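These notes concern the structure reproduced below.
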Amino acid sequence: MSTLRFHAIKGSLDSKPVAVEEKVRRSELFGENVFNENTMRQYLTKDAFVGVINAIKYGKKIDRNIADQVASSMKDWALSKGVTHYTHWFQPLTGATAEKHDAFFETTGDGMAIEKFGGSQLVQQEPDASSFPSGGIRNTFEARGYTAWDPTSPAFIYGTTLCIPTIFVAYTGEALDYKTPLLRALHAVDDAATAVCRYFDKNVKKVSSSLGWEQEYFLIDKRLAASRPDITLTGRTLLGHSPAKGQQLDDHYFGSIPTRALNFMRELENECMLLGIPVKTRHNEVAPNQFELAPIFEEANLAVDHNSLLMDVMGRIASRHNFKVLMHEKPFAGINGSGKHNNWSLSTDTGVNLLAPGKTPMSNLQFLTFFINTIKAVHKHEALLRAAIASASNDHRLGANEAPPAIISVFIGEQLTKVLEELEGVTKGKLSPQEKTELKLNVVGKIPDVLLDNTDRNRTSPFAFTGNKFEFRAVGSTANCGNPMTVLNTIVAKQLKDFKVEVDALIDKKDLKKDEAIFNVLREYIKSSRDILFEGNGYGKEWEDEAKRRGLSNNKTTPEALKARVSEQSIALFEEMEVMSRKETEARYEIEIEAYIMHIQIEGRVLGDIARNHIVPTAVKYQNILIENVKGLKEIFDKKYEAVSKEQLSLIEDISSHIEGINANVTKMINERKKANNIEDIEKKAYAYCFNVKPLFDDIRYHCDKLELLIDDEIWPLTKYRELLFTR
Ligand code: ADP
Ligand code: MG
């Protein structure tokens with residue numbers, strides 16, 4: 001290993017920035033710190049290797065003896081890289097990743113010590129995790145939960161710790177994390193999609209779901225960010241007047257990346273390479289100091305792990321470059337917020353992307369089958385899909401005319417709209433040979449394998465088809481993609497399962513040929529899910545009215561949106577697809593609604609504190625300066641003083657009225673909070689926070705922001721937007 005490369009790999013996570021030598025090829029670094037297939041081939045016996053691969057590919061159980069071998073090899077590999085600790089790495093419902101490190105080191109009782117790591121430590125652990133949210137699943141007297149190895153996501157070295165991706169479940173079996181239901185949903189979609197694929201190709205044994213996320217974020221100077229209590233405690237600014245210059249010139253978007261940001265990105269990408277996160281794209285986003293990072297898509301479970309890991313890595317590396325990363329969906333009022341588009345598709349173990357049009361009529365019929373079933377699934381479960389992206393922070397973004405609206409709809413582009421229209425006209429029942437030829441040649445056969453709509457995009461659509469994948473754009477930048485991916489894959493699994501039943505029934509009972517039956521069912525689907533298709537401007541008021549007529553939901557706030565999670569339809573869906581039991585679904589609802597309440601509560605406290613303890617005293621101080629000034633003028637000018645102190649006098653009055661505005665509204669907010677806190681029912685409590693407490697934030701902010709414009713810049717206590725956004 002060259003010294004250069006060694007240097008890069010050794011880059012410990014909390015030291016100074018590592019000078020990244022671009023002479024080292026990224027492809028050489030890729031996966032260096034991952035116990036991947038390549039590494040396993042080197043370190044595992046043949047038996048153990050086959051055991052793990054079978055677990056990854058076909059979900060086979062790994063027996064104890066194999067687990068011991070794998071653990072021992074993992075340890076050897078990790079020790080060879082200077083690793084001292086291991087941890088089960090999981091994603092509890094807090095939204096952050098969790099880890100508890102244990103040293104390999106163990107004493108032997110005779111004054112000696114060794115490094116030890118066995119199958120039992122690899123396979124299962126019992127972290128003392130009683131403080132993670134469980135939605136009432138674990139009573140405190142039975143607070144035990146355990147983590148269990150997920151062999152489908154490879155172990156990796158982070159810093160000097162070996163991290164083993166795991167699921168986190170209660171002792172009674174209920175999921176307490178994002179990964180468990182996701183794995184179940186991926187299993188469900190595999191089963192359902194494989195069965196449907198076999199209409200077209202008997203060789204297909206497995207269908208995987210793929211995910212390519214696009215992470216947007218802000219980079220703010222660390223010290224400036226630390227000077228703002230709102231950023232420190234809530235991840236966003238709760239007040240601050242818009243700067244004279246924001247994003248109106250569009251001069252940041254796709255512009256040249258500022259040097260300091262680029263240095264951060266290079267080091268981040270390097271770390272991602274080592275961790276096997278295939279990051280590929282980086283660019284400036286619309287708002288000043290806003291950027292985006294996107295990888296090459298991967299199998300969905302791995303992609304979700306990689307995104308969670310990335311968010312953690314970003315924070316640490318940013319800190320070394322004296323930046324703070326803001327992942328929040330809306331850190332600054334008046335300029336764009338951040339999202340995390342989830343590009344999603346399904347592909348077979350024979351290498352076919354099921355959402356890409358093919359070259360033959362038959363492969364196009366397969367494409368249309370998956371395409372139309374997805375549309376139908378989204379239509380049937382639009383409210384649940386909206387619930388999957390609901391959070392206090394994402395509420396700022398959805399429907400704010402920069403991100404998709406809170407109404408879920410599907411954009412498919414002109415060409416495919418035409419194809420669906422033609423398919424809708426297909427005769428019911430048996431088709432004449434002529435009709436069949438016509439369909440094959442002129443409808444299905446005409447879909448080009450590269451779709452124009454790939455470039456002609458509708459940016460206002462929350463769920464858009466972009467040529468060979470669907471892009472779920474409403475996901476928030478802080479979200480764990482596991483949640484939306486669980487819902488999307490579950491609804492598509494259910495839809496494909498129903499589709500298979502309907503097609504089989506037509507073949508058996510109506511004696512239709514396979515493709516006739518498929519055409520017949522698809523035709524009905526197109527008719528019944530037409531209402532979810534929307535090609536127009538998602539930001540317009542007309543769309544809101546139209547969506548209402550179509551019966552689509554328009555849940556603008558989290559408490560309203562989350563209800564769909566626990567509707568009888570959703571509970572039945574998750575139960576049928578074996579993704580979540582009723583208890584698990586209800587627990588998740590409770591956790592999310594509580595998280596909402598906590599977020600608004602914390603924001604309210606922070607805002608009240610800043611307004612009363614920072615802004616009002618500053619306003620009084622400045623007012624006193626003005627009063628002194630007026631007094632002085634009076635001394636000099638005597639009776640004429642009013643003419644020369646007009647401006648000061650009106651300023652003094654304005655300041656008083658804004659102080660009054662702040663105090664009245666903060667008092668009101670505190671009272672509303674008290675009232676909300678006394679409500680037992682958490683749903684009603686969330687509504688009280690949403691509709692009685694939160695609106696007062698705007699009123700308080702209004703007066704604070706006005707004062708920012710009046711008061712001497714020198715004594716203003718908060719770092720201003722212009723400094724936060726334009727310090728590079
Ligand atoms: P953008 O949306 O920014 O214009 P692209 O659409 O080219 O960029 O790609 C965005 C993301 O979509 C990337 O992460 C890419 O890997 C991912 N992607 C491309 N094809 C697929 C697919 N078949 N399944 C899932 N994600 C995909
Ligand atoms: Mg995209």
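Indexing begins at 1, ligand by ligand and atom by atom, following the structure's order. Just so it is clear, the values below take in all heavy atoms, side chains as well, and ignore hydrogens, waters and symmetry mates. Since this is a predicted model, take the numbers as computed values, not measurements.
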F332 ring center within less than 6.0 Å of F218 ring center:
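Yes, they do, as the ring centres are separated by less than 6.0 Å.
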
Taking the six-membered ring for Trp and the single ring otherwise, decide whether the centroids of F411 and F463 are under 6.0 Å apart.
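No; F463 has its ring centre 6.0 Å or more from that of F411.
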
Are any of the N/O atoms on [X], whether in the backbone or the side chain, positioned under 3.5 angstrom from an N/O atom of ligand 1?
| X | value |
| --- | --- |
| F297 | yes |
| K469 | yes |
| P295 | yes |

With heavy atoms of [X] as the reference, note each atom of ligand 1 found under 4.0 Å away.
| X | value |
| --- | --- |
| I296 | 16 (O) |
| N353 | 23 (N) |
| G212 | 14 (O), 25 (C), 26 (N) |
| S345 | 22 (C), 23 (N), 24 (N) |

With sequence neighbours left out, what residues match R728 under salt bridge (Lys or Arg N to Asp or Glu O under 4.0 Å)?
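So R728 forms no salt bridge (Lys or Arg N to Asp or Glu O under 4.0 Å) with any residue.
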
Closest to atom 8 (O) of ligand 1 (judged by heavy-atom distance), picking from E298, H283, E214, E299:
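Minimum heavy-atom distance to atom 8 (O) of ligand 1 goes to E214.
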
Option set L293, T466, N343, criterion heavy-atom distance to atom 11 (C) of ligand 1, minimum:
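Shortest heavy-atom distance from atom 11 (C) of ligand 1: N343.
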
For F156 against P165, the heavy-atom pair lying closest together:
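Nearest pair, atom of F156 first, then P165: CE2-CG, 4.1 Å.
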
Does the side chain to side chain contact (heavy atoms under 4.5 Å, CB included) test come out yes or no for F465 and V410, once each step is laid out?
CA-CA 7 Å; F465 185 71; V410 181; 5.7 Å; no

Test of understanding: given a 4.0 Å heavy-atom threshold, classify the contact between E471 and ligand 1 as side chain, backbone, both, or neither.
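Just the side chain.
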
So, does H341 sit close enough to ligand 1 that a heavy atom of it is under 4.0 Å from the ligand?
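Not so, H341 does not reach ligand 1.
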
Going by atom types alone, do Q91 and D177 pair a side-chain donor with an acceptor below 3.5 Å?
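Not at all, the side chains of Q91 and D177 share no donor-acceptor pair under 3.5 Å.
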
Neighbour count above 12 (heavy atom, 6.0 Å) for K556 NZ:
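Open.
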
Does atom CD of E578 have more than 12 heavy-atom neighbours from other groups under 6.0 Å away?
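Counting neighbours around CD of E578, 12 or fewer heavy atoms of other residues, nucleotides or ligands fall under 6.0 Å, so no.
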
